[in-house]
Amino acid sequence: MKLYCGDWQALICPEQGAAFASLQWCGHDILVPAPEGARHPGAYGAFWMLPWANRLDAGRIAGHAMPINRTAEGTAIHGLARDLLWEVIFAKADHAVLQQRVNFAPFDYTAQLVLTLDTDGLLMEMTLRHEGAAPVPYGMGWHPWFIRSAATSLHLSATQRANHSERGLPESLTPCTGIAAAEAPLIGLDNFFAGWDGVARLTTPAGTITLTATGDFAAGLQVYAPAAQPIICVEPVSHMPDAPNRPALAAAAPMRLLGHGQSLHGTIRLAAA
């Protein structure tokens, strides 16, 4: 499914988790484009994380064990939505509404995603509604793979940075002011930032991308910049990794316990200059 408006174009794959196969501005790739014929998710484009974001130790949540999909770590990572179909409810050139219905204990949810391209950029709005009878903790996030180069820099404000174990699980929080760095200091990061103000500015080969999150998407930010790949992920998320299994630490950004009919809601906007 292709969306376009002005200088912006996006290619979405509803049958593969509503992942972005590409996002372009003025003919430049904002995200790493998906290789021809590749399936999502992968280290390209962008995908959605729900009903939790990042890692759950041993897959533990609400008395259940989610499938372990990072076997070396023993974690369940990035939720369920990225592997499942989204139904296209409405679509035109610059606007689309998609929906996903999942019942996988303890989760029972309906997610609605609204995508809009305008001359200023991309607006994404997510509503994640719990349909089950018993309360369940929920979370969500967006995982973009931005192109990284020697010209890349990242600026964001936050109040705390999580220190992670070798398994990618948070162990402590350190006060910080955020990030204001060129490429070299970013390489090797895989950290959660709490107390984020909802804005991140990323300089890429395509230009300066401003990411603005509201609502539950503004609760925190995960930044990932592996040395082995020329990419950087700047991920708005609603909670800290493994939040349900470390409640004291995750008080800075917990998952939200939703009763029947209650929802998470947030927006993410990308603009370029």
Side-chain angles (χ1 to χ4, degrees), residues 1-3 10-23 31 34 38-42 44-56 59 61-62 64 66-67 69 76-92 94-117 122-145 213-217 219 222 233 235-239 243-244 255-270:
M1 180 177 69
K2 182 175 285 187
L3 300 177
L11 182 60
I12 314 297
C13 302
E15 73 284 1
Q16 297 178 38
F20 281 75
S22 66
L23 178 65
L31 303 172
R39 284 195 60 83
H40 301 272
Y44 40 77
F47 62 83
W48 296 98
M49 301 178 285
L50 49 119
W52 75 89
N54 209 278
R55 294 161 174 83
L56 295 175
I61 186 167
H64 292 71
M66 297 296 100
N69 52 5
I77 191 168
H78 297 333
L80 305 171
R82 64 177 180 154
D83 297 320
L84 301 175
L85 172 74
W86 289 70
E87 180 185 1
V88 179
I89 304 299
F90 174 83
K92 60 178 184 176
D94 59 356
H95 182 75
V97 180
L98 295 85
Q99 184 170 289
Q100 185 182 74
R101 184 76 177 90
V102 171
N103 189 343
F104 190 101
F107 300 106
D108 184 356
Y109 72 79
T110 299
Q112 184 179 85
L113 171 63
V114 181
L115 301 169
T116 304
L117 280 177
L122 169 67
L123 177 64
M124 302 175 283
E125 181 179 7
M126 180 74 76
T127 303
L128 177 59
R129 173 188 163 100
H130 179 48
E131 308 289 0
V136 176
Y138 276 84
M140 62 184 190
W142 188 58
H143 196 306
W145 300 83
T214 70
D216 289 296
F217 280 129
Q222 187 83 17
C233 303
E235 311 163 33
V237 291
S238 69
H239 63 91
M255 293 183 75
R256 279 185 52 200
L257 190 67
L258 299 184
H260 175 76
Q262 294 182 318
S263 301
L264 298 181
H265 179 266
T267 69
I268 301 168
R269 174 172 271 284
L270 294 182

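Heavy-atom basis, side chains included; hydrogens, waters and symmetry copies ignored.
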*Report the C-alpha separation of Leu3 and Asp94 in whole Å, then their side-chain angles, then the decisive distance to 0.1 Å, and conclude whether the side chain to side chain contact (heavy atoms under 4.5 Å, CB included) test is met.*
CA-CA 5 Å; Leu3 300 177; Asp94 59 356; 6.0 Å; no
_Check: His40 main-chain N/O paired with Gln16 side-chain donor or acceptor under 3.5 Å_ = yes
Show me the donor-acceptor pairs within less than 3.5 Å that the side chains of residues 134-142 make with the rest of the protein, sequence neighbours left out.
unit_1 : atom_1 : unit_2 : atom_2 : d
Tyr138 : OH     : Asp108 : N      : 3.1
Tyr138 : OH     : Asp108 : O      : 3.2
Tyr138 : OH     : His130 : ND1    : 2.8

*Check: His260 side chain, Glu131 main-chain N or O, donor-acceptor pair, under 3.5 Å*: yes
*asked:* Any side-chain to backbone donor/acceptor pair from Gln222 onto Val237? Under 3.5 Å, distance only.
replied: no
*What residues, two or more places apart in sequence or in another chain, satisfy salt bridge (charged side-chain N to carboxylate O under 4.0 Å, His left out) together with Arg82?*
none
_Donor-acceptor contact present, side-chain Arg101 to main-chain Tyr109, <3.5 Å_ = yes
*Please walk me through it: do Gln262 and Arg256 pass side chain to side chain contact (heavy atoms under 4.5 Å, CB included)?*
CA-CA 10 Å; Gln262 294 182 318; Arg256 279 185 52 200; 5.6 Å; no
*Kindly determine whether His95 and Val114 satisfy side chain to side chain contact (heavy atoms under 4.5 Å, CB included), including the steps that lead there.*
CA-CA 8 Å; His95 182 75; Val114 181; 3.4 Å; yes
*Test Glu125 against His265 for side chain to side chain contact (heavy atoms under 4.5 Å, CB included), laying out the working first.*
CA-CA 8 Å; Glu125 181 179 7; His265 179 266; 2.7 Å; yes
*May I ask you to decide if Gly266's main-chain N or O and Asp216's side chain share a donor-acceptor pair within less than 3.5 Å?*
no
*Would you say the side chain of Ile61 lies within less than 4.5 Å of the side chain of Phe107, judging by non-hydrogen atoms?*
yes
*Which of parallel (below 30°), tilted (30 to 60°) and perpendicular (above 60°) describes His143 and His78?*
perpendicular
_Rounded distance (nearest 0.5 Å) linking atom CZ of Phe20 with atom CD1 of Ile12_ = 3.5 Å
*Is there a donor-acceptor pair closer than 3.5 Å between any side-chain N or O of Trp52 and the backbone N or O of Ala243?*
no
*Drop me the distance from Phe104's CZ to Met66's CE, to the nearest 0.5 angstrom.*
5.5 Å
